[in-house]
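One structure is given here, and the rest of the page talks about it.
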Number of protein chains: 2
Amino acid sequence: MPKSSPPPPPRKPRADARRNRERILEVAKEVFTRSGADSSLDEIAKLAGIGPGTLYRHFPSRESLLEGVYCGEVEKLAAAERRFSDTLTPVEALRAWMLLFVDYIGAKQIIAPALNTMVGGSKVFECARDQVQGAIHRLVARAIESGDIRADLDPFDLLRALIGVANVASAPNWRDSARRLVHILIAGSRPGA
Amino acid sequence: MPKSSPPPPPRKPRADARRNRERILEVAKEVFTRSGADSSLDEIAKLAGIGPGTLYRHFPSRESLLEGVYCGEVEKLAAAERRFSDTLTPVEALRAWMLLFVDYIGAKQIIAPALNTMVGGSKVFECARDQVQGAIHRLVARAIESGDIRADLDPFDLLRALIGVANVASAPNWRDSARRLVHILIAGSRPGA
DNA sequence: AGAATATTCGGAGAGACCCTCCGGTAACAG
DNA sequence: CTGTTACCGGAGGGTCTCTCCGAATATTCT
């Protein structure tokens, strides 16, 4: 007689698997930050002290590894959205969050190609995309409600601009430039403009 | 006794060399537009009906090939700058040129990584960079003079934003989004803002 | 505790790509 | 027409990505 219960939680993951997964994320984050998004995956595996097979079983594609690495950062961004919304005026919360976004994303070299999928239709990066899109959507809605931002502003437009700005994070003083651009974007989104 | 005249024009380039160079540019433009900036160079050579060696002699690096392909487009942008400056008010000339930039550059998928070097310090892309930087510099200077744009606006900031926006040219309706962003950028650069 | 079993590990290897080198060949000058 | 020069094109070394499979190990059941 077969078990009557439907397939129970198959088994709990093995300890070494979890350890390896975390070590991979740790090393990948460092290597991506240092050498950009097209670093050698074999090099990451070697630095993590595992074989390429193990790396590819945990993260079948380069993009899935990038997603794994930056999902943590994205959660911090989502948390910041809640914090800013609680402590700042709507438009200042939006500004602060945008500045933080530029710092967080731009500081890590070159997530660019992966980020593009965030506004595109790709299926990967779902977790990150939903969180970021939700955050900017709420921030903009609040700022529109308070009358500081034009009602017809599409939050995605701002998001695209932010990602674009973060893309160009190579010039020597890109950071100042990016901050000035955030101010320009917000000024250009005011009702009077 | 050596020739007294300094090295005369060494020789005129061979006919097949010029033919090959043009064919390479033609094919590369199509492939880059279709498959992005990291297409296989071997594939381009094969499609052009030549060997890899020939491709690499004409264009030693991937970036130099990209520069060769897009230098023509950039010249059209420079020409448009002159035309707009002659026929439009300063701020409208700036707006029209920015919209044209987005159309020209964003329509070709993925020049992104190469474009980044345009605002960065890289030595490649010099021809294109100088033309584009000169154009936006003149447009902004004229608009500042007429009082429609804040005097402390850095033209490079706008250029970086444009390149960023063009980077994200993947979403279904990126074109409308990009046009809205140009308007936001200009509105945010006005003196009152 | 000890055996059975399922899952993970890690390296070997196929395929693609980038780029270089060099012998053959075709164009230009005299 | 002949010599010289520059160009052509493919073969090949090195690197990277990603897959496959035997060996090793953690977890579970008796």
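Note on naming: letters A, B, ... go to the chains in the order of the sequence lines (proteins, then strands), and numbering restarts at 1 for each one. Note that the structure is predicted; figures quoted are calculated from it, not measured.
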Do any side-chain nitrogens or oxygens of A:N20 fall under 4.0 Å of OP1 or OP2 in C:dC9?
yes
Within the structure shown, what part of the strands sits under 4.0 Å from A:S40 by heavy-atom distance: base, sugar-phosphate, or nothing?
sugar-phosphate
**Prompt:** Taking 4.0 angstrom as the limit, do A:R180 and B:D154 come out as a salt bridge?
**Reply:** yes
A:R21 CZ to C:dT7 P, in whole Å, measures 17 Å
*Determine whether more than 12 heavy atoms belonging to other residues, nucleotides or ligands lie under 6.0 Å from atom NE2 of B:H183.*
yes
Which part of the nucleic acid does A:R62 contact within heavy-atom distance under 4.0 Å: base, sugar-phosphate only, or nothing? sugar-phosphate
Whole-Å distance, B:L41 CG to C:dT20 P, equals 12 Å
Side-chain contact check for B:R57: nearest option of C:dC19, D:dC8, C:dT8 is D:dC8
Between CG of A:D42 and P of C:dG10 the distance, given in whole Å, is 14 Å
Open item on the list: It should be established whether A:H58 places a side-chain nitrogen or oxygen under 4.0 Å from OP1 or OP2 of nucleotide C:dC9.
Closed with: yes
Open item on the list: Using OP1 and OP2 only, check whether a side-chain N or O of B:T54 sits under 4.0 Å from D:dG9.
Closed with: yes
Check: B:T54 side chain to B:I50 main-chain N or O, any donor-acceptor pair under 3.5 Å?
Finding: no
Report task. Using a heavy-atom cut-off of under 4.0 Å over every strand shown, decide if B:P52 touches base, sugar-phosphate, or nothing. Result -> base
